[in-house]
2 protein chains.
Amino acid sequence: VLQMCDVRRDYGNGPAQVVALDGVSIEIAPGELVAVMGPSGSGKSTLLNLAGGLDEATSGQIVVAGVDLAGLDQRGLATLRRRQVGIVFQELNLLPTLTAVENVMLPLELDGSSSRAARAVAEQSLVEVGLDRKFDRYPDDLSGGEQQRVAIARALTGDRPLLLADEPTGALDTVTGEKIIELIADRTNRGNVSALVVTHEPRVASFADRVIWLRDGQVVDDVTATTA
Amino acid sequence: VLQMCDVRRDYGNGPAQVVALDGVSIEIAPGELVAVMGPSGSGKSTLLNLAGGLDEATSGQIVVAGVDLAGLDQRGLATLRRRQVGIVFQELNLLPTLTAVENVMLPLELDGSSSRAARAVAEQSLVEVGLDRKFDRYPDDLSGGEQQRVAIARALTGDRPLLLADEPTGALDTVTGEKIIELIADRTNRGNVSALVVTHEPRVASFADRVIWLRDGQVVDDVTATTA
Ligand SMILES: Nc1ncnc2c1ncn2[C@@H]1O[C@H](COP(=O)(O)OP(=O)(O)OP(=O)(O)O)[C@@H](O)[C@H]1O
Ligand SMILES: Nc1ncnc2c1ncn2[C@@H]1O[C@H](COP(=O)(O)OP(=O)(O)OP(=O)(O)O)[C@@H](O)[C@H]1O
Ligand SMILES: [Mg+2]
Ligand SMILES: [Mg+2]
């Protein structure tokens with residue numbers, strides 16, 4: 001579902017150059033839930049942005065759902081993302097002029113669903129993240145954790161094979177956060193969704209099949225959980 | 001330093017009314033570090049926004065550093081905040097057109113410091129949160145956790161007696177997050193700073209003198225830590 005081969009991402013040139021990712025190779029199989037951990041600034045968001053085609057690697061190859069990202073233009077990347085990749089951003093990126101349910105429906109409608117079908121699916125996703133009475137609220141009128149859950153509902157909608165989540169429980173209390181990671185694990189266990197989840201919380205990582213550790217832009221450990 | 005007496009905050013009217021805070025009373029003494037915990041949507045950010053005068057209570061009294069907020073206009077509130085309250089917002093609120101050090105210096109300059117004095121203090125704060133080589137970066141070119149640390153440095157600058165922090169370690173790995181709460185605890189231990197810290201992380205709460213639990217807009221527990 002995701003293959004990254006010797007991927008580098010630099011910013012700038014010369015003495016001020018920052019190496020955000022320094023030769024990273026990762027493979028994720030169908031149905032795998034992989035957690036990414038590491039210090040602040042170690043390259044986790046950069047890794048996710050590259051995997052989602054939101055950023056371009058300086059060098060190295062990235063293949064998502066069988067498609068080499070290097071061969072796609074901006075429009076091709078947007079279409080691939082909409083159909084194959086659900087993303088929960090660290091900064092959420094909800095549209096402030098759309099209600100919660102409209103935000104969740106949007107990718108489905110853009111892909112050709114009727115509004116009625118999209119709304120039904122979107123409402124179901126919002127119920128699953130515990131926002132059953134907040135469909136018609138605008139992001140500004142929601143708490144930080146409620147906004148994060150709308151972003152999660154949006155990413156989980158539409159049966160896309162790859163889910164990328166950047167600190168999806170960062171704004172959530174422990175109990176709600178656990179429900180969210182259980183929801184994600186439930187989807188991956190059914191075998192058709194894979195997830196790459198950046199987190200700094202050990203309880204969230206405990207649900208993963210593998211934990212990848214980053215430090216200074218490099219993979220320093222790739223631990224497979226021994227499930228009981 | 002902070003007294004809130006039977007504070008309510010409602011949104012809207014009639015059947016759609018949301019009661020974000022439902023009669024909350026809290027007192028914080030000089031040098032106290034108080035953690036606020038509770039489920040997503042329980043009113044934690046609302047509590048902090050009211051304490052910082054960023055929002056107006058529907059009813060009840062709020063006194064900050066001896067001043068009743070009800071007697072202040074917008075300008076008076078802004079001045080009180082700038083001089084007496086350091087705030088770390090859940091959405092950070094850094095100015096994108098200013099560098100890291102300029103963001104941290106701003107409150108000091110607005111209060112009359114010379115640029116040179118303000119810059120020296122700001123650089124020191126950034127060093128304390130581990131951002132010693134990123135003074136001149138713009139927020140857009142920083143990782144999520146780095147942006148959060150700039151916001152923390154800004155809130156800790158200027159010897160203000162009340163620090164309000166909304167999930168200040170939400171975007172930080174466990175090690176960096178611990179350094180940040182130790183920094184805050186260090187300030188409160190010297191006796192002249194009090195802190196009200198919203199968090200969902202037990203390790204962060206473990207540094208507090210008291211933990212206040214919110215649920216559905218009400219205080220349901222106020223636990224004093226028995227320090228060894
Ligand atoms: N502008 C608004 N209009 C209507 N309801 C609001 C508004 N802002 C917040 N609320 C509601 O008030 C309640 C408390 O919100 P608040 O942001 O204080 O929660 P919180 O404890 O900080 O949550 P989180 O942990 O998710 O950040 C929530 O139910 C939220 O939906
Ligand atoms: N636009 C940019 N220009 C220059 N450097 C950048 C830019 N974006 C990120 N960086 C740097 O690249 C490195 C990796 O950033 P990244 O956002 O991937 O870290 P992260 O692991 O997600 O951190 P966090 O846990 O704090 O969110 C950091 O050192 C950061 O300062
Ligand atoms: Mg990040
Ligand atoms: Mg909040």
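Reminder, nothing fancy here: chain letters follow the sequence lines and each chain counts from 1. Quick caveat: nothing in here was measured; it's all calculated off a predicted structure.
Contacts of Arg203(B) with chain A are absent, with no heavy-atom separation under 4.5 Å from either backbone or side chain. Neither the backbone nor the side chain of Thr46(B) comes within less than 4.5 Å of any heavy atom of chain A. Using a 4.5 Å cut-off between heavy atoms, Val18(B) touches chain A through its side chain atoms alone. Contacts of Glu201(B) with chain A are made by side-chain atoms alone, with heavy-atom separations under 4.5 Å and no backbone atom involved. Within the 4.5 angstrom heavy-atom criterion, atoms from both the backbone and the side chain of Glu146(B) approach chain A. Neither the backbone nor the side chain of Ser45(B) comes within less than 4.5 Å of any heavy atom in chain A.
Ranked by heavy-atom pairs shorter than 4.5 Å toward chain B, the options Ala171(A), Ser42(A), Ser40(A) are led by Ser40(A). Top candidate by heavy-atom pairs under 4.5 Å with chain B, chosen from Gly170(A), Gly38(A), Pro202(A), Gly43(A), is Gly170(A). Of the listed residues (Glu91(A), Met37(A), Arg133(A), Arg149(A)), the one with the most heavy-atom contacts under 4.5 Å to chain B is Arg149(A). Contact count against chain A (heavy-atom pairs under 4.5 Å) is highest for Pro39(B) among Gly177(B), Gly145(B), Gly130(B), Pro39(B).
Going from atom OG1 of Thr176(B) over to atom NE2 of His200(A) covers 9.5 Å, rounded to the nearest 0.5 Å.
Within 6.0 Å of atom CG in Asp221(B), more than 12 heavy atoms from other residues, nucleotides or ligands are found, so the atom counts as buried in its surroundings. Sparse packing is recorded around CG of Asp216(A), with 12 or fewer heavy atoms of other residues, nucleotides or ligands lying under 6.0 Å away. Within 6.0 Å of CZ in Arg215(B) there are 12 or fewer heavy atoms belonging to other residues, nucleotides or ligands. For CZ of Arg210(A), the number of neighbouring non-hydrogen atoms (other residues, nucleotides, ligands) closer than 6.0 Å is greater than 12. Environment of CD in Glu182(A): crowded, with over 12 heavy atoms of neighbouring residues, nucleotides or ligands closer than 6.0 Å. Within 6.0 Å of atom CD in Gln74(A), 12 or fewer heavy atoms from other residues, nucleotides or ligands are found, so the atom counts as exposed in its surroundings. With a 6.0 Å radius and a threshold of 12 heavy atoms from other residues, nucleotides or ligands, Asn13(B) has its CG atom at or below the threshold.
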Working note: Gln147(B) + Gln90(A), criterion side chain to side chain contact (heavy atoms under 4.5 Å, CB included); need CA distance, chi angles, decisive distance, verdict. CA-CA 11 Å; Gln147(B) 291 176 16; Gln90(A) 199 166 5; over 6 Å; no
